[in-house]
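Since this is a predicted model, take the numbers as computed values, not measurements. These values consider heavy atoms only, across backbone and side chains, with no hydrogens, waters or symmetry-generated copies. Here, residue 1 is the first one in the sequence, and each next residue gets the next number.
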Amino acid sequence: MIDFERFELPNGLKVIVHQDNSTPLACINILYNVGARDEAPEQTGFAHLFEHLMFGGSVNIPNYDEPLQRVGGENNAFTTNDITNYYLTLPAENLETGFWLESDRMLSLAFSEKSLEVQRNVVIEEFKQRYLNQPYGDVWLLLRPMAYKVHPYRWDTIGKEIAHIENAKIQDVKNFFQRFYCPNNAIMVVAGNVELEEVKVLAEKYFAPIPKGPDNKRNLPVEPAQQEARSLTVERDVPVDAIYKAYHMCSRYDKEYYAVDLISDVLSRGNSSRLYNVLVKDKQLFSDIHAYVMGDFDKGLFVISGKLVAGVDMKTAEAAIAVELNKIKTEPVSADELTKVKNKMESSHTFGEVDVLNKATNLAISELLGDANFINKEVEKYLAVTQEEMMTQANQIFRDENCSTLYYMSKKK
């Protein structure tokens with residue numbers, strides 16, 4: 001059970017406080033309710049560009065990292081298609097430094113051509129290195145637009161193409177910031193060796209003066225149900241062939257999500273899982289294979305990805321995956337197998353609660369999903385999943401016409 005208190009400032013900033021005196025540290029996690037799905041189709045990659053720009057200095061603090069490092073702190077951030085999340089940890093006695101730093105960049109990023117140019121180059125380099133020049137790096141640049149035709153999940157967080165970042169103008173960047181990086185579009189979690197009253201005082205001092213931003217009501221296009229199997233074959237300079245199968249599934253908000261997540265565990269969690277046992281160990285068709293859910297806030301994807309053993313025919317490998325998916329559609333998961341994946345889920349959830357930073361991030365995401373206390377109910381929702389619910393979802397999801405398949409072929413020497 002994770003205890004927490006919650007309050008909201010007049011400007012709309014939601015604040016959650018979790019006191020954990022077992023650590024000498026404090027953590028500030030600020031989740032902005034903006035991700036790649038909020039970008040315009042002709043200006044993609046902005047949410048991720050902002051993740052970098054937010055470290056480029058604010059009006060009163062030209063170097064974000066330096067004051068934090070001086071008081072023994074460290075920080076990082078991540079962007080997804082749904083959210084942008086910034087976090088820092090520091091000794092609890094230096095908590096005020098964290099408030100000062102985070103509030104100043106929420107209030108007023110330093111928008112200079114120089115900062116934009118520096119971060120633009122960093123992002124372009126990342127695009128080239130991680131997505132274009134790395135084996136299998138462009139998988140999501142190919143898979144997303146195949147699986148999604150109208151919803152903005154059709155592009156990756158890095159953006160559709162480098163040109164969108166190259167052509168980003170300072171005014172475009174300012175507009176994006178003013179729309180999304182405001183107190184009423186953020187959730188702040190303060191966790192660790194902190195006290196509620198102290199956090200209230202600091203929040204009032206540093207965040208209350210920041211003006212409220214616009215109300216962002218999302219009106220994203222709904223992806224229509226996929227009616228036919230889609231596929232794409234590419235040849236790349238990679239060591240072995242690979243296959244990626246993306247099936248449409250429910251969203252993170254839906255009650256069915258827990259059954260679907262457990263299906264991915266039955267198929268692929270650990271060396272005793274079905275896909276590993278049958279396709280890697282017994283049949284030796286794949287060197288590795290994984291099944292996972294994306295956990296998207298809008299309707300998402302269930303992905304199966306595997307690298308084939310050299311010399312194995314793609315049709316043979318794909319047919320073997322189909323056999324395993326058919327089993328989970330037609331035969332209930334055994335009680336033992338279900339208990340095993342539930343136990344694994346429960347223990348990883350418990351271990352995840354040891355780390356104060358994990359707790360802070362999960363509290364923020366739970367609050368965004370509707371209620372921070374969701375963090376304390378999640379295990380129950382998994383434990384309540386039945387064999388029948390899993391079969392129902394497997395039949396709903398694992399249909400050929402609901403799947404986009406990427407055949408990623410190694411160039412023949």
Once rounded to the nearest 0.5 Å, what's the spacing between atom [atom1] of [X] and atom [atom2] of [Y]?
X: C27; Y: L88; atom1: SG; atom2: CG; answer: 6.5 Å
X: S404; Y: L142; atom1: OG; atom2: CG; answer: 12.0 Å
X: N326; Y: E331; atom1: CG; atom2: CD; answer: 8.5 Å
X: Y247; Y: C403; atom1: OH; atom2: SG; answer: 4.0 Å

Could you tell me whether [X] and [Y] make a salt bridge, using a distance below 4.0 angstrom between a side-chain N and a carboxylate O?
X: E318; Y: K315; value: no
X: E346; Y: K342; value: no
X: E337; Y: K344; value: no
X: K412; Y: E235; value: no
X: E117; Y: R120; value: yes
X: D156; Y: R144; value: yes
X: R274; Y: D265; value: no

Does some side-chain heavy atom of [Y] sit less than 4.5 Å from a side-chain heavy atom of [X]?
X: R70; Y: T97; value: no
X: E378; Y: H349; value: yes
X: N76; Y: E74; value: no
X: M188; Y: N29; value: no
X: C250; Y: Y258; value: no
X: H18; Y: E5; value: no
X: K381; Y: Y257; value: no
X: N11; Y: E8; value: no

Among side-chain atoms of [X] and [Y], is any donor-acceptor pair under 3.5 angstrom?
X: N175; Y: Q171; value: yes
X: T405; Y: K245; value: yes
X: Q19; Y: N21; value: yes
X: K340; Y: S272; value: yes
X: S22; Y: D20; value: yes

Trace of the side-chain hydrogen bond (donor to acceptor under 3.5 Å, both in side chains) decision for K307 with S287:
CA-CA 6 Å; K307 293 193 174 68; S287 56; over 6 Å; no

Is the side chain of S366 donor-acceptor paired with the backbone N or O of F374 at a distance under 3.5 Å, no angle test?
no

Counting distance only, does the side-chain N/O of N376 pair as donor-acceptor with the main-chain N or O of I2 below 3.5 Å?
yes

Shortest non-hydrogen contact from [X] to [Y]?
X: M314; Y: I243; value: SD-CB, 3.9 Å
X: R105; Y: M54; value: NH1-O, 2.7 Å
X: P67; Y: L101; value: CG-CD2, 3.9 Å
X: G192; Y: T23; value: CA-CG2, 4.0 Å
X: Y408; Y: G137; value: OH-N, 4.2 Å
X: Q226; Y: R230; value: OE1-NH1, 3.4 Å

How about D400: does its CG atom have over 12 heavy atoms from other parts shown lying under 6.0 Å from it?
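Atom CG in D400 is not crowded, with 12 or fewer foreign heavy atoms closer than 6.0 Å.
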
Heavy-atom neighbours of K149 NZ exceed 12 at 6.0 Å
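Yes, enclosed.
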
Tell me if the centroids of the rings in Y153 and H151 come within less than 6.0 Å of each other.
yes

State yes or no: are the ring centers of F302 and F398 separated by less than 6.0 Å?
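Ring-ring flag for F302/F398: true, centres closer than 6.0 Å.
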
Kindly indicate, with the supporting measurements, whether the criterion side-chain hydrogen bond (donor to acceptor under 3.5 Å, both in side chains) is fulfilled by D254 and S251.
CA-CA 5 Å; D254 292 322; S251 82; 3.2 Å; yes

Go through the steps for H248 and I397 under the test side chain to side chain contact (heavy atoms under 4.5 Å, CB included), then give the verdict.
CA-CA 6 Å; H248 290 278; I397 293 166; over 6 Å; no

Kindly determine whether F180 and Y32 satisfy side chain to side chain contact (heavy atoms under 4.5 Å, CB included), including the steps that lead there.
CA-CA 7 Å; F180 293 112; Y32 288 95; over 6 Å; no

Fit a plane to each ring of F78 and Y87, take the angle between them on a 0 to 90° scale, and name the class: parallel (under 30°), tilted (30 to 60°) or perpendicular (over 60°).
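Tilted.
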
Mind running side chain to side chain contact (heavy atoms under 4.5 Å, CB included) on L95 and I28 for me, showing each step along the way?
CA-CA 8 Å; L95 181 62; I28 299 175; 4.0 Å; yes

List the atom pairs, with distances to 0.1 Å, where a side-chain N or O of residues 35-52 and a protein N or O form a donor-acceptor pair under 3.5 Å, not counting sequence neighbours.
{"unit_1": "R37", "atom_1": "NE", "unit_2": "D82", "atom_2": "OD1", "d": "3.2"}
{"unit_1": "R37", "atom_1": "NH1", "unit_2": "D298", "atom_2": "OD1", "d": "3.3"}
{"unit_1": "R37", "atom_1": "NH1", "unit_2": "D298", "atom_2": "OD2", "d": "3.0"}
{"unit_1": "D38", "atom_1": "OD1", "unit_2": "R218", "atom_2": "NE", "d": "2.7"}
{"unit_1": "D38", "atom_1": "OD2", "unit_2": "G35", "atom_2": "N", "d": "2.9"}
{"unit_1": "D38", "atom_1": "OD2", "unit_2": "R218", "atom_2": "NH2", "d": "3.0"}
{"unit_1": "E39", "atom_1": "OE1", "unit_2": "G45", "atom_2": "N", "d": "3.0"}
{"unit_1": "E39", "atom_1": "OE1", "unit_2": "W155", "atom_2": "NE1", "d": "2.9"}
{"unit_1": "E39", "atom_1": "OE2", "unit_2": "G45", "atom_2": "N", "d": "3.3"}
{"unit_1": "E39", "atom_1": "OE2", "unit_2": "F46", "atom_2": "N", "d": "3.0"}
{"unit_1": "E39", "atom_1": "OE2", "unit_2": "A47", "atom_2": "N", "d": "2.9"}
{"unit_1": "Q43", "atom_1": "NE2", "unit_2": "D172", "atom_2": "OD2", "d": "3.1"}
{"unit_1": "T44", "atom_1": "OG1", "unit_2": "K160", "atom_2": "N", "d": "2.7"}
{"unit_1": "T44", "atom_1": "OG1", "unit_2": "H164", "atom_2": "ND1", "d": "2.7"}
{"unit_1": "H48", "atom_1": "NE2", "unit_2": "H52", "atom_2": "NE2", "d": "3.4"}
{"unit_1": "H48", "atom_1": "NE2", "unit_2": "E126", "atom_2": "OE1", "d": "3.3"}
{"unit_1": "H48", "atom_1": "NE2", "unit_2": "E126", "atom_2": "OE2", "d": "3.4"}
{"unit_1": "E51", "atom_1": "OE1", "unit_2": "T79", "atom_2": "N", "d": "3.1"}
{"unit_1": "E51", "atom_1": "OE1", "unit_2": "T79", "atom_2": "OG1", "d": "2.5"}
{"unit_1": "H52", "atom_1": "NE2", "unit_2": "E126", "atom_2": "OE1", "d": "3.3"}

What side chain to side chain donor-acceptor pair (under 3.5 Å) pairs are there with at least one residue in residues 177-189, not counting sequence neighbours?
R179-N216

Taking it one step at a time, do E367 and L31 satisfy side chain to side chain contact (heavy atoms under 4.5 Å, CB included)?
CA-CA 10 Å; E367 181 67 15; L31 183 154; over 6 Å; no

side-chain hydrogen bond (donor to acceptor under 3.5 Å, both in side chains), paired with E102, selected from Y86, Y64, Y206
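Of the listed options, the one satisfying the test is Y64.
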
Can you tell which of L232, T233, D241 makes a side chain to side chain contact (heavy atoms under 4.5 Å, CB included) with Y407?
T233

When you look at N75 and D65, which way does the side-chain hydrogen bond (donor to acceptor under 3.5 Å, both in side chains) test go after all the steps?
CA-CA 8 Å; N75 69 87; D65 286 328; 3.0 Å; yes

